2 protein chains.
Amino acid sequence: MSNIFNIETKNGKQYGILFIYILHSINKLPKTGYDLITEIKEKTEGTWVPSKGTIYPLLKHLQEENFIIIKQIGERSKQIFMITDEGKKTLSNAKKYGCQMEENFLKFRRLVSEIVEFKNEEIIELMYNIRMLSVSKSKIKDDEVRYILDNCVNDLKKI
Amino acid sequence: MSNIFNIETKNGKQYGILFIYILHSINKLPKTGYDLITEIKEKTEGTWVPSKGTIYPLLKHLQEENFIIIKQIGERSKQIFMITDEGKKTLSNAKKYGCQMEENFLKFRRLVSEIVEFKNEEIIELMYNIRMLSVSKSKIKDDEVRYILDNCVNDLKKI
DNA sequence: ATAATACCGTTCGAAACCGAAATATTTTTA
DNA sequence: TAAAAATATTTCGGTTTCGAACGGTATTAT
């Protein structure tokens, strides 16, 4: 399942979603490993809670690769990490491929739709197209996308 | 990341997405391990390709648990699997919790959207409504749902 | 004042999955 | 006609992630 949540840049480098999220989050505000676990848990309402056995080794690795450094050490061996210039560059580069991740996820989700949602393959495909188009077109004309989706909701309600 | 791709039934049983997909797909048409790998690869356009090392042991396990049996053996040691009554029951039971996985996806997706800087909560919410309405309304009037979704796709394409 | 909980990090065995290598046969391509 | 590709399965070492156990301190609840 690695391809679904990985980004692969031009030079063949692969970054997992946790790798990217850590850089993304620390870029916004320096924080601890404990903070990151808590934040992800809250933001996904408990559906994704990376293990300590995953977070702490990965933070150490990010340090070794010079993407982050320890900004300060507080009480209880608290280690507050901050992003480096190298980390910012890597994050920025990875985000260029963010739509790749989005598309992969939507493709995977389409398969899941077949199992748990719709029996009609045509509707599955239509839903997939709406999702894909919404993401790409909203970058151009956000308002129009929202208007169209809102109309769709209203039409569906009338059934 | 187990919660995102698992369904957990009332009695605490957990089923992975691959487990469920295999039962779902074989329920529709008996097939081989090779067929399953190929099918998943095609349907997700290459974003998810379970490994042979994953599929074949899992098929063996499903057999041992009496969810599937070998319907026939063809050329090249081809093993065609079909679902059992026990398998159908388990599949049916798991599908009842399908919406659980959908909810998890939505929550996880919000985090992914933050990373890729697709910040439009309103569009995500509208998409969620469209999906919910489509599921429920398609049970009543499949044709009308398809018509409305098709119109939506066409409108989005015009942007 | 004490116990429970929350806040911190480290580490390693187990589980799940991957991917390569191996084996084999049939079909397609050059 | 021979080579390449596709169809098939098995297996196992390696990788990734988890989760439990461990160690520790500060805060909150009883």
Side-chain angles (χ1 to χ4, degrees), chain A residues 1-8 12-22 26 30-42 44 46-65 68-81 108, chain B residues 1-8 12-22 25-26 29-42 44 46-65 68-81 108:
Chain A
M1 276 201 185
S2 53
N3 283 348
I4 298 169
F5 302 110
N6 283 1
I7 279 173
E8 180 166 340
K13 271 275 192 182
Q14 279 212 5
Y15 303 109
I17 182 153
L18 186 56
F19 177 105
I20 298 164
Y21 185 78
I22 290 177
I26 287 178
K31 51 188 55 118
T32 69
Y34 184 88
D35 289 335
L36 286 162
I37 294 172
T38 304
E39 182 177 281
I40 291 172
K41 180 179 182 179
E42 283 172 358
T44 61
T47 65
W48 181 26
V49 190
S51 173
K52 300 174 187 170
T54 306
I55 284 282
Y56 291 108
L58 185 48
L59 284 171
K60 189 168 294 263
H61 172 71
L62 290 178
Q63 234 192 316
E64 285 161 2
E65 299 284 330
I68 63 177
I69 56 171
I70 295 181
K71 176 192 181 195
Q72 122 198 29
I73 296 182
E75 300 165 319
R76 323 180 208 186
S77 346
K78 187 176 201 171
Q79 295 167 30
I80 299 176
F81 294 94
F108 173 72
Chain B
M1 277 203 184
S2 53
N3 283 349
I4 298 170
F5 306 110
N6 284 0
I7 280 175
E8 180 167 339
K13 269 275 193 182
Q14 279 212 3
Y15 303 109
I17 180 72
L18 187 55
F19 177 105
I20 298 164
Y21 184 79
I22 290 177
S25 183
I26 288 179
L29 183 75
K31 50 187 57 117
T32 68
Y34 185 86
D35 289 335
L36 287 162
I37 295 172
T38 304
E39 183 178 280
I40 291 172
K41 179 179 182 180
E42 283 171 359
T44 61
T47 65
W48 182 25
V49 191
S51 174
K52 303 170 189 171
T54 305
I55 284 281
Y56 291 108
L58 184 49
L59 284 173
K60 190 166 295 257
H61 172 70
L62 290 179
Q63 234 193 315
E64 285 161 2
E65 297 284 330
I68 63 177
I69 56 170
I70 295 180
K71 177 191 182 198
Q72 120 198 31
I73 296 183
E75 302 163 317
R76 322 180 213 187
S77 345
K78 187 176 199 172
Q79 296 165 33
I80 299 176
F81 293 93
F108 179 71

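Being a predicted model, the structure only gives us computed values, none of them experimental. Below, read A as the first sequence line, B as the second, and so on, with proteins coming before strands; counting in each chain starts at 1.
Side chains of A/E39 and A/Y21 form a contact here, defined as non-hydrogen atoms less than 4.5 Å apart. Taking 4.5 Å as the limit, some side-chain heavy atom of A/V49 sits within range of a side-chain heavy atom of A/I37.
The interatomic distance linking B/W48 (CH2) with C/dA16 (P) rounds to 15 Å, in whole Å. Remark: P of D/dT16 and CD of A/Q14 are 11 Å apart, rounded to the nearest angstrom. The separation between A/I4 atom CD1 and D/dT16 atom C1' is 15 Å, rounded to whole Å. We find that CG of A/L58 is positioned 14 Å from C1' of D/dT15, with the value rounded to whole Å. Look at CD1 on B/I37: it is 12 Å from C1' on C/dG19, rounded to the nearest Å. Residue A/E39 contributes atom CD, which lies 18 Å from atom C1' of C/dA6 at whole-angstrom precision. The distance from atom NZ of B/K31 to atom P of D/dT7 is 15 Å, rounded to the nearest whole Å. Straight-line distance from the CD1 atom of B/I17 to the P atom of C/dC17: 12 Å, rounded to whole Å.
The only option from B/Q72, B/K71, B/Q63 that meets the side chain to side chain contact (heavy atoms under 4.5 Å, CB included) definition with B/F81 turns out to be B/Q63.
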Between the protein and nucleotides 8-14 of chain C, list the N/O to N/O atom pairs that are separated by less than 3.5 angstrom.
| unit_1 | atom_1 | unit_2 | atom_2 | d |
| --- | --- | --- | --- | --- |
| C/dC8 | OP1 | A/K78 | NZ | 2.6 |
| C/dG9 | OP1 | A/Q79 | N | 3.1 |
| C/dG9 | OP1 | A/Q79 | O | 3.2 |
| C/dG9 | OP2 | A/Y34 | N | 2.9 |
| C/dG9 | OP2 | A/Y56 | OH | 2.7 |
| C/dG9 | O3' | A/Q79 | NE2 | 3.3 |
| C/dG9 | O6 | A/K52 | NZ | 3.2 |
| C/dT10 | OP1 | A/Q79 | NE2 | 3.4 |

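Residues B/F108 and A/F108 keep their aromatic ring centres 6.0 Å or farther apart.
Residues B/P57 and B/K52 share a closest heavy-atom pair of CD-O, 3.5 Å.
The closest side-chain donor-acceptor pair between B/T32 and B/D35 falls under 3.5 angstrom.
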